[in-house]
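Taking it in order: structure first as structure tokens, then the write-up.
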Amino acid sequence: MQPTETKTNLDSLNDKQREAVVSEDKRMLVLAGAGSGKTKTLLQKLIYLIEEKGVSPSNILAITFTKNATNEMIDRLIISADKTGEYEKLLFDKRLSKADKDKERFQQQRKYKWIDSLTVKTFHGFCYSILRTYGVNEFDNKFRIIGDEKKDEEDELSKHVAPETVFEVVHKLLIEQCENTEFLLQLKRYILDYIIDKIHLKKTDAKYLPKDGKYFTTLDGTKVRSKSEQFIADWFYRHSIKYEYEPLLNVKDFDFHPDFYIPDANLYIEHVSEKSYSTKDKEEQFQKGNLLLVKTYESMTKDSALFNHTLDKVVKNRLPSNYHRTIALTYKEEFNGYHEDVKDFVAQIMRITDMIKVENIDFDLVLENARKDQHERVRNFYELAIPIVKKYVHYCTDKSYLDFNDLISRSTSLFQHHKDILNIYKSKYQYILVDEFQDVNNLQVDLIKLLLSDQTQLFCVGDDWQSIYGFRGSNVSYIVDFENHFPNSKVIKLNLNYRSTQNIVGASNEVIKHNKFKVEKEILASKKSEHKIVVYSGSNQDENIQFCLDKVRELLEDGLTNDDILFLYRRSKMYSPYYFEFKNEGVSIQSKTIHAAKGLEAKVVFIIGLTEGNGGFPDIWLEDRIFQVIKKANHDLLMEEERRLFYVAITRAKDKLFLITEKGNESSFLKEIPETFTVKTSIPIKSVVDKVIICNKCYSQLEKLWVVCPYCGEKVNEQVEKRGD
């Protein structure tokens, strides 16, 4: 059914927007710069197809990335159809709850049949409906969704949510695996070494260097000096043999500390390494006291089987014949006090599970690659993690659970193995519109490609300069190299920014020019303003907070509302001191991480934390080598994503932009903004040099309170001040 209530207004579009809307090209990318009206263009395309081209709404698929984006698209369509204007008023009514607005949206959508006949869904929502309808051929179509947290939102996906989260399942499976004593002890060893002691960082980071030289934690919590001593202590623990580490001993002549003492065998062990002091004096003391001493050597540790055999021979034969040699270990007891650290390990397993699924790599191949890694920590991690990942996949299949990546990969698999079902969708959706195309990952592109026929029109909208989700698996090359991924395609660039002033747009253009991996485009500003970008450099964080507080009060007094002002930051912890100070002062300002603010805009934006180095912005975080086994990371590409993130932050501002840094530690990004776009301000640093007052006439040095020069009679107001040497 065609919409009779609305009319396509092509006159409201600029030339480039209009060209995109009316284009008949089968593969099209609209490269839309920040604030250039990409959502408007996509919606006008959709309405144009129905109103002018006579396309049935049921033949159109519009894909978004978030539920909010889906709702916004539907809202705009309803507003375009609602002659009364009542729905738009309702959306901005702060007295109504989200649930009330969701209910009204649902009713309005049903009211306008042309909107109701459209398929406007997230990738996950679309795949959910595919598998619900036809999934019996690929999976149990009565499946439930398992996510990172239990959702309360009343949308299509939340009606069939699993009773447990991904974390709860992985944690449970890890505990089950710990019923295997060997696995339990290997896991504890890994957590003690690499999550608690961080022994892999001790040589590069001074804060991990203990003052007593005891770097390593044993399975029973004892701190020892070397990996070899840790091995010996762990061997005792595994065999339930009591020991004392470095006990104080005085046989006759002096105090000293043997490495180990085994009370039940009345045996002392000295472990000798290249770094050990000479044991000659100690050995003499043992002989004088007729005490039993055995020496182990570092060279033995290179062969763990030999070392095990040596300890077995040295210690066990000296224990009483009735000595209890078995040990019953439980997860609860072994990890008492370490539960937060186990959570970290579980989170890493969840992360690699997602990465493996997005990159579509076989689990065994990942393990094979990990075993070749030069670092023991990486090898050990995957030996522990891959069995849990496999158990998780099996568990989800058994329980008929699908996580969000599974929704897409299972739909793709269904289409690949059942061409009859694929053809239903290929013939149904003659027009596929994809929003935020810069955020697509491998799984999503594979799905899109399957849906395309020679007759399908693919209309993608996005901005490579705003691709900021690489850490989630999005692949910016799909938009940068669009023509290679989708042959015979057309690219149209929307380069007029309607949101921001010329200084803000100019600065953002200059910043992004430093990226190499991008599509070249010059964004122009339609808004003019005398306001330049303010760069404030406080001497410390307190000065920065006070400056922001004063500015916010000033803006509110000028008639702006809290919703007009937005604070942005790279990481949440940057804003905490601002939040508490603002709260104390009774000031309440929109605040979000830059990632969370994507798609938003505000009249005034403050970007805080623009310092260099750790904890600042850019925050280059070459992720743990563990993740490099699955997907290689490149420092330059990570820096480019950080710069795109800064670009996103800058372009949220409509009228005024404040960049907050610290004197002497300014972010390198600030140096990429030409001074023509900025005005710099700070509290001057107090001079460490005393001012010297000089008579302007006779150049004699004067005292501060003198009104007239006693040497020539010149008045003070005609004197000049000069710095002393």
Side-chain angles (χ1 to χ4, degrees), residues 9-25 27-46 48 76 433-440 458-468 476-484 486 489-529 531-533 597-601 605 640-641 643-655 657 669 672-674 676-677:
N9 188 1
L10 295 179
D11 294 339
S12 69
L13 303 176
N14 64 37
D15 291 345
K16 290 291 185 184
Q17 290 172 331
R18 183 188 176 97
E19 182 186 354
V21 167
V22 303
S23 173
E24 298 287 338
D25 288 88
R27 305 289 180 262
M28 169 165 283
L29 171 64
V30 179
L31 263 178
S36 62
K38 71 177 179 59
T39 306
K40 176 185 178 182
T41 305
L42 186 128
L43 287 168
Q44 289 295 161
K45 176 74 174 182
L46 195 153
Y48 172 80
R76 291 206 193 185
L433 287 66
V434 185
D435 197 14
E436 305 286 7
F437 192 75
Q438 74 278 350
D439 294 333
V440 291
L458 175 67
F459 185 87
C460 301
V461 178
D463 182 7
D464 60 302
W465 294 4
Q466 296 186 68
S467 178
I468 57 173
V476 70
S477 77
Y478 286 121
I479 191 166
V480 174
D481 294 327
F482 187 83
E483 287 127 313
N484 289 332
F486 298 93
S489 55
K490 181 176 183 179
V491 177
I492 292 177
K493 299 174 185 178
L494 303 185
N495 62 350
L496 188 58
N497 183 311
Y498 294 98
R499 176 190 299 153
S500 309
T501 66
Q502 79 277 19
N503 285 319
I504 294 168
V505 171
S508 66
N509 279 337
E510 291 301 317
V511 165
I512 210 70
K513 278 180 183 175
H514 289 78
N515 274 11
K516 293 176 183 174
F517 193 57
K518 67 181 188 300
V519 180
E520 295 295 339
K521 50 187 185 287
E522 184 73 21
I523 306 300
L524 306 173
S526 67
K527 283 171 66 174
K528 304 298 177 194
S529 168
H531 293 295
K532 289 197 172 187
I533 298 167
K598 185 152 179 305
L600 298 182
E601 58 182 36
V605 169
E640 294 211 350
E641 181 151 318
R643 190 174 283 108
R644 292 195 293 268
L645 196 59
F646 186 48
Y647 174 86
V648 167
I650 292 172
T651 55
R652 298 311 94 200
K654 294 165 74 174
D655 301 324
L657 176 61
F669 285 160
E672 297 175 359
I673 301 176
T676 182
F677 300 117

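Atoms considered below: every heavy atom in the structure, side chains included; atoms not considered: hydrogens, waters and symmetry mates.
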(message) Give me the atom names and distance for the closest heavy-atom approach of Leu42 to Leu433.
(response) O-CD2, 3.8 Å
(message) Ignoring hydrogens, what is the shortest heavy-atom contact between Val461 and Ala32? Give both atom names and the distance.
(response) CG1-CB, 4.4 Å
(message) Please report the interatomic distance NZ(Lys654) to OH(Tyr498), rounded to the nearest 0.5 Å.
(response) 15.0 Å
(request) Show your reasoning for whether side chain to side chain contact (heavy atoms under 4.5 Å, CB included) applies to Glu510 and Ile673. (result) CA-CA 6 Å; Glu510 291 301 317; Ile673 301 176; over 6 Å; no
(message) Quick check for you: to the nearest 0.5 Å, what is the distance between Leu657 atom CG and Ile533 atom CD1?
(response) 5.0 Å
(request) Would you sort out whether Glu483 and Val491 count as a side chain to side chain contact (heavy atoms under 4.5 Å, CB included), showing the intermediate values? (result) CA-CA 8 Å; Glu483 287 127 313; Val491 177; 3.8 Å; yes
(request) Answer yes or no: are there more than 12 heavy-atom neighbours, outside Lys598 itself, under 6.0 Å from its atom NZ? (result) yes
(request) Carefully, step by step, assess Arg499 and Ile504 under the rule side chain to side chain contact (heavy atoms under 4.5 Å, CB included). (result) CA-CA 10 Å; Arg499 176 190 299 153; Ile504 294 168; over 6 Å; no
(message) Whether the Glu19 and Gln17 side chains hold a donor-acceptor pair (N or O, under 3.5 Å, no angle test) is what I'd like checked.
(response) no
(message) Main chain of Val519, side chain of Trp465: is a donor-acceptor contact present, judged purely on distance under 3.5 Å?
(response) yes
(request) Can you sort out the partners of Phe669 under ring pair (Phe, Tyr, Trp, His ring centres under 6.0 Å), two or more places apart, ordered by chain and number? (result) Phe617, Phe646
(request) Check each of Val480, Asp481, Leu29 against Asp464 using the side-chain contact (heavy atoms from CB on, under 4.5 Å) test, and report the only one that passes. (result) Val480
(request) Step through the shown structure and confirm whether more than 12 heavy atoms of other residues, nucleotides or ligands are within 6.0 Å of NZ on Lys516. (result) no
(message) Could you check whether Asp463 pairs with Arg644 (Lys NZ or Arg NE/NH1/NH2 to Asp/Glu carboxylate O, under 4.0 Å)?
(response) no
(message) Whether Arg643 and Glu641 form a salt bridge (side-chain N of Lys/Arg under 4.0 Å from carboxylate O of Asp/Glu) is what I want to check.
(response) no
(message) Can you give me the closest heavy-atom contact between Ala653 and Ser500, atom names plus distance?
(response) O-OG, 2.6 Å
(message) To the closest 0.5 Å, what do you measure between OG1 (Thr651) and CG (Asn497)?
(response) 7.5 Å
(request) Kindly say whether Phe517 contributes a backbone atom to a donor-acceptor pair with the side chain of Glu640 at under 3.5 angstrom? (result) yes
(message) Could you measure the distance from the CZ atom of Phe677 to the CD atom of Gln502? Nearest 0.5 Å is fine.
(response) 8.5 Å
(request) Could you tell me the separation between the CZ atom of Phe482 and the CG atom of Leu31, rounded to the nearest 0.5 Å? (result) 9.0 Å
(request) Assess whether side chain to side chain contact (heavy atoms under 4.5 Å, CB included) is satisfied between Val30 and Lys38, documenting all intermediate values. (result) CA-CA 8 Å; Val30 179; Lys38 71 177 179 59; 5.9 Å; no
(message) Once rounded to the nearest 0.5 Å, what's the spacing between atom OG of Ser12 and atom CD of Gln44?
(response) 5.0 Å
